[in-house]
Engineer: 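After the structure tokens below, expect a handful of questions from me.
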Amino acid sequence: MERRRWILVGTVGLVLAAAPAARANTPRYASVGGNGTACTSATPCSISEAINGDATYNPVQPHDEVVVEPGTYGGGGVALTSELRGPPGVPLTIHGVAGSPRPVIVSSSIGRALSLRDPASTLSHVEVDQTSDSSYAIDVMQGSASDVVARAFGTNGVACDVVGKLQDAICAVSGAGATAVQASVTPTPAAPTTYATTLRGVTAWAIGPTSQGILVQAGDNTTINLTATNTIAHGTTADVDVESATSTGNASAVIDHSSYGTVTHSASRATVTAAGSATNVAAPALFVDVAHGDFHEMAASPTVNAGATDPAGTDVFGLPRTLGPAPDIGAAELAQAPTAAATGATTITDKTATLTGIVNPEGLPTTFHFVYGTTQATGSTTASSSAGAVAAGHPATAAVTKLRPGKTYFVRLVATNAGGTTVSPLAGFKTLTTFKGLTIRTRRVRPSASHKVKLSVACPKDAPTRCTGTLTLTLGSHRVGRANFRVKAGKTAALTLKLAARARASLAAHATVRVRATAKAKDGAGRSKTTKRTVTLTR
């Protein structure tokens with residue numbers, strides 16, 4: 001992964017002018033076993049040190065990049081107890097390592113496990129699990145988060161507290177009175193203030209008693225406007241709840257291309273898009289295994305291909321954001337296993353063939369290989385090849401050798417992508433028998449008065465289509481006759497050759513003359529074979 005070095009410009013450095021000298025604006029690395037204050041790639045520090053910093057020895061600087069290496073922070077039954085939040089007003093970029101498993105932060109802090117405290121802060125590719133009651137997993141009160149998983153297990157817990165932007169995220173709660181996604185502001189601002197929350201590609205799932213999928217709640221002097229697209233919301237009390245309990249608060253939720261079935265809102269100063277209206281889906285989403293935290297959508301879910309066009313490149317699991325005619329509603333795209341069909345073989349000879357088939361990768365990087373053999377259990381395997389990541393049929397081929405002549409072979413095509421592995425039905429082909437060439441039948445022949453001889457030849461019946469080539473007669477090192485031939489498989493033919501002067505002179509001097517007949521033949525598969533025979537010429 002490329003590490004970016006941040007450069008301070010303008011007067012930002014004046015804000016921290018009183019702080020001791022430090023390695024400002026460089027990546028800060030955290031690892032599970034990290035310690036000290038260096039926070040370098042070679043000597044990573046703890047995740048608390050990397051995000052919160054040390055005011056004396058290694059303060060966090062504006063726009064620092066915090067790289068959270070893979071692993072479980074606060075695991076082994078010893079959860080983190082301090083909030084990860086960084087200094088107020090200091091923008092940070094916090095993320096896991098691209099291409100590596102998402103790091104998991106387990107926290108039992110009272111309040112918030114991880115918070116973004118500046119509009120320019122970002123959080124991505126991490127999971128945060130909050131175990132305390134009445135506490136939050138991630139708090140995006142300012143800034144934006146994407147490619148995150150947040151889970152809150154306690155009573156009255158909140159997985160994602162968002163007054164900012166949340167994209168491609170799973171927010172799940174299981175405790176009583178809990179909320180998957182909440183948009184609210186505390187404390188009350190001194191002057192009327194408007195806040196905006198944007199959700200896109202979010203799965204907000206609450207399963208505990210009296211729980212809510214999405215809660216928008218305005219207090220005194222606050223206007224909170226939530227917009228949600230391609231979002232799944234589920235709760236036991238309400239899928240979406242929009243409330244404004246005061247005369248100086250306003251709350252709204254404008255939702256499109258999303259999945260939710262029940263809504264509640266206060267009688268005044270609160271509005272919400274009705275469930276099932278316009279592009280929204282009222283039927284519940286179907287997941288693989290919610291009880292064990294698997295929020296991959298099933299193929300039968302009404303949310304599949306029901307979303308709006310999404311500019312994001314990937315979903316929460318790193319798959320392409322659109323794997324069908326339209327994006328799926330929710331944090332994850334349905335990963336379809338590839339389709340595969342073996343079609344047999346081409347360019348078949350007695351010992352070689354090119355196995356053929358069709359693979360549809362369904363939009364995901366896909367590999368394929370063939371298995372083949374002389375029984376339906378197959379046996380041999382070709383090397384793996386790439387079918388790319390298209391969403392259409394892709395030709396699949398593999399050249400094989402050392403086959404047995406005249407045998408029936410069975411073939412299967414096996415294709416694999418992130419959605420699974422598909423094994424095709426059997427296809428088959430038969431190798432050719434060994435090509436024996438043109439048979440020269442004539443052993444003894446008398447030339448005609450015009451010095452021509454007729455030789456009987458035959459093409460093997462198991463040769464593909466025909467035998468073609470040239471038959472020559474030689475006397476010593478001299479060619480004394482030549483004719484082209486084209487004989488159908490299983491047929492005989494008479495070739496007429498005119499003898500050259502040397503052959504005629506030799507026959508005039510001798511009662512018999514032996515010449516060598518050589519047939520260079522090809523069959524319909526392009527295989528070559530040369531056959532020879534001694535032919536006696538008589539007067």
Engineer: Compare all side-chain heavy atoms of T416 with those of T366 and state whether any distance is below 4.5 angstrom.
Structural biologist: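 No - every pair of side-chain heavy atoms lies 4.5 Å or more apart.
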Engineer: Taking all heavy atoms of V202 and all of C171, pick out the closest pair and write down the distance.
Structural biologist: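 Looks like CG1-SG, 4.4 Å.
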Engineer: What distance do I214 atom CD1 and Q212 atom CD have between them, rounded to the nearest 0.5 Å?
Structural biologist: 10.5 Å
Engineer: Who pairs with D147 by salt bridge (Lys or Arg N to Asp or Glu O under 4.0 Å), at least two apart in sequence or on another chain?
Structural biologist: R102
Engineer: Please name the residue in the list T382, L413, T397, V371 that meets the side chain to side chain contact (heavy atoms under 4.5 Å, CB included) test with L355.
Structural biologist: T382
Engineer: Using the side chain to side chain donor-acceptor pair (under 3.5 Å) criterion, which residues pair with N360? Sequence neighbours excluded.
Structural biologist: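 Checked N360 against side chain to side chain donor-acceptor pair (under 3.5 Å); zero matches.
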Engineer: Do the non-hydrogen side-chain atoms of N225 and V254 ever get within less than 4.5 Å of each other?
Structural biologist: no
Engineer: Could you pull out the closest heavy-atom pair between S244 and G249, with the gap in Å?
Structural biologist: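 Taking every non-hydrogen atom into account, OG-O, 2.6 Å.
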Engineer: Name all pairs fulfilling the side chain to side chain donor-acceptor pair (under 3.5 Å) condition that reach into residues 313-327, sequence neighbours left out, sorted by first residue then second.
Structural biologist: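 Applying side chain to side chain donor-acceptor pair (under 3.5 Å) to every pair that reaches into residues 313-327, excluding sequence neighbours, yields D168-R321, R321-E333.
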Engineer: Check whether R269 reaches the backbone of S247 with its side chain - one donor and one acceptor, N or O, closer than 3.5 Å.
Structural biologist: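 Looks like yes, one N/O pair under 3.5 Å.
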Engineer: F370 versus V414: any side-chain heavy-atom pair under 4.5 Å?
Structural biologist: no
Engineer: Hey, does C160 have a side-chain heavy atom less than 4.5 Å from the side chain of L166?
Structural biologist: yes
Engineer: OG of S184 to CG of L226: how many Å apart, nearest 0.5 Å?
Structural biologist: 11.5 Å
Engineer: Do T43 side-chain atoms and A38 backbone N/O form a donor-acceptor pair below 3.5 Å?
Structural biologist: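 Flag not set: sc T43 to bb A38 has no pair under 3.5 Å.
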Engineer: Sequence neighbours left out, what pairs pass side chain to side chain donor-acceptor pair (under 3.5 Å) with at least one residue falling in residues 213-222?
Structural biologist: D220-T246, D220-T248
Engineer: CG of N35 to SG of C45: how many Å apart, nearest 0.5 Å?
Structural biologist: 9.0 Å
Engineer: Do I255 and T231 have side-chain heavy atoms sitting under 4.5 Å apart?
Structural biologist: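 Of all side-chain heavy-atom pairs linking T231 with I255, none is under 4.5 Å.
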Engineer: Are S82 and S109 close enough, and set up right, to give a side chain to side chain donor-acceptor pair (under 3.5 Å), and what steps lead you there?
Structural biologist: CA-CA 5 Å; S82 60; S109 64; over 6 Å; no
Engineer: Indicate every side-chain donor-acceptor pair of residues 188-201 with a distance under 3.5 Å to a residue at least two apart or in another chain.
Structural biologist:
unit_1: T193; atom_1: OG1; unit_2: A191; atom_2: O; d: 2.8
unit_1: T197; atom_1: OG1; unit_2: V162; atom_2: O; d: 2.9
unit_1: R200; atom_1: NH2; unit_2: T309; atom_2: O; d: 2.6

Engineer: Under the 3.5 angstrom rule, does the side chain of N417 hit a backbone N or O of Q336 as a donor-acceptor pair?
Structural biologist: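 The answer is yes, because a donor-acceptor pair under 3.5 Å joins these two groups.
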Engineer: Could you tell me which non-hydrogen atom of A306 sits nearest to which non-hydrogen atom of V281, and how far apart they are?
Structural biologist: CB-CG2, 4.3 Å
Engineer: List the atom of V66, the atom of I51, and the distance in Å for their closest heavy-atom pair.
Structural biologist: CG1-CG1, 3.8 Å
Engineer: Roughly how far, to the nearest 0.5 Å, is the CZ atom of R85 from the CG atom of D118?
Structural biologist: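 The CG atom of D118 sits 13.0 Å away from the CZ atom of R85.
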Engineer: Which residues pass the ring pair (Phe, Tyr, Trp, His ring centres under 6.0 Å) test with H296, not counting sequence neighbours?
Structural biologist: F317
Engineer: Can you list every salt bridge (charged side-chain N to carboxylate O under 4.0 Å, His left out) pair that touches residues 240-251, not counting sequence neighbours?
Structural biologist: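 Of all non-adjacent pairs touching residues 240-251, none passes salt bridge (charged side-chain N to carboxylate O under 4.0 Å, His left out).
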Engineer: For the CZ atom of F153 and the OG1 atom of T131, what is their distance to the nearest 0.5 Å?
Structural biologist: 8.5 Å
Engineer: Give a yes or no answer on whether the side chain of T210 reaches the backbone of G177 with a donor-acceptor pair at less than 3.5 Å.
Structural biologist: yes
Engineer: Could you list the residues that satisfy side chain to side chain donor-acceptor pair (under 3.5 Å) with S144, not counting sequence neighbours?
Structural biologist: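 S144 satisfies side chain to side chain donor-acceptor pair (under 3.5 Å) with no other residue.
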Engineer: Compile the donor-acceptor pairs under 3.5 Å between side chains in residues 70-78 and protein atoms, sequence neighbours left out, one pair per line.
Structural biologist:
unit_1: Y73; atom_1: OH; unit_2: A30; atom_2: O; d: 3.0
unit_1: Y73; atom_1: OH; unit_2: E69; atom_2: N; d: 3.3
unit_1: Y73; atom_1: OH; unit_2: E69; atom_2: O; d: 2.7

Engineer: Parallel, tilted or perpendicular: which one describes the rings of F368 and H394, with boundaries at 30° and 60°?
Structural biologist: tilted
Engineer: Tell me, please, which residues at least two apart from N156 pass side chain to side chain donor-acceptor pair (under 3.5 Å).
Structural biologist: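 So N156 forms no side chain to side chain donor-acceptor pair (under 3.5 Å) with any residue.
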Engineer: Go through the steps for S115 and E83 under the test side chain to side chain donor-acceptor pair (under 3.5 Å), then give the verdict.
Structural biologist: CA-CA 8 Å; S115 299; E83 182 180 347; 2.7 Å; yes
Engineer: Return the CD1 to CD1 distance between I47 and I94, rounded to the nearest 0.5 Å.
Structural biologist: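 With rounding to 0.5 Å, CD1 (I47) is 8.0 Å from CD1 (I94).
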Engineer: Which residues pass the side chain to side chain donor-acceptor pair (under 3.5 Å) test with T229, not counting sequence neighbours?
Structural biologist: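 Checked T229 against side chain to side chain donor-acceptor pair (under 3.5 Å); matches are D256.
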Engineer: Do side-chain atoms of Y260 reach the backbone of P284 as a donor and acceptor pair under 3.5 angstrom?
Structural biologist: no
Engineer: Has the side chain of N280 got a donor or acceptor atom that lies under 3.5 Å from a matching backbone atom of S258?
Structural biologist: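 Indeed, once roles are kept as given, a pair shorter than 3.5 Å links the two residues.
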Engineer: For the residue pair W205 and F287, what are the closest heavy atoms and their distance?
Structural biologist: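 The answer is CZ3-CE1, 3.4 Å.
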Engineer: Suppose the criterion is salt bridge (charged side-chain N to carboxylate O under 4.0 Å, His left out): which pairs have a residue in residues 288-300, not counting sequence neighbours?
Structural biologist: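 Not a single pair qualifies under salt bridge (charged side-chain N to carboxylate O under 4.0 Å, His left out).
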Engineer: Quick check: closest heavy atoms across V128 and A137, and the distance to 0.1 Å?
Structural biologist: CG1-O, 3.4 Å
Engineer: Please check: side-chain N/O of S424 versus main-chain N/O of A341, any donor-acceptor pairing under 3.5 Å?
Structural biologist: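 Such a contact is absent between S424 side chain and A341 backbone.
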Engineer: Find out whether L334 and L323 are in side-chain contact, i.e. whether some heavy atom of one side chain is under 4.5 Å from a heavy atom of the other.
Structural biologist: no
Engineer: Between R117 and V90, is any pair of side-chain heavy atoms under 4.5 Å apart?
Structural biologist: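 No, side chains not in contact.
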Engineer: Report yes or no: does S132 contribute a side-chain atom to a donor-acceptor pair with the main-chain N or O of S108 at less than 3.5 Å?
Structural biologist: yes
Engineer: Just by distance, do the side chain of H125 and the backbone of S100 share a donor-acceptor pair under 3.5 Å?
Structural biologist: yes
Engineer: May I ask you to test the N58-E49 pair for a side-chain heavy-atom distance under 4.5 Å?
Structural biologist: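 In short, these two side chains touch, coming nearer than 4.5 Å.
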Engineer: Is there a donor-acceptor pair closer than 3.5 Å between any side-chain N or O of S135 and the backbone N or O of D133?
Structural biologist: yes
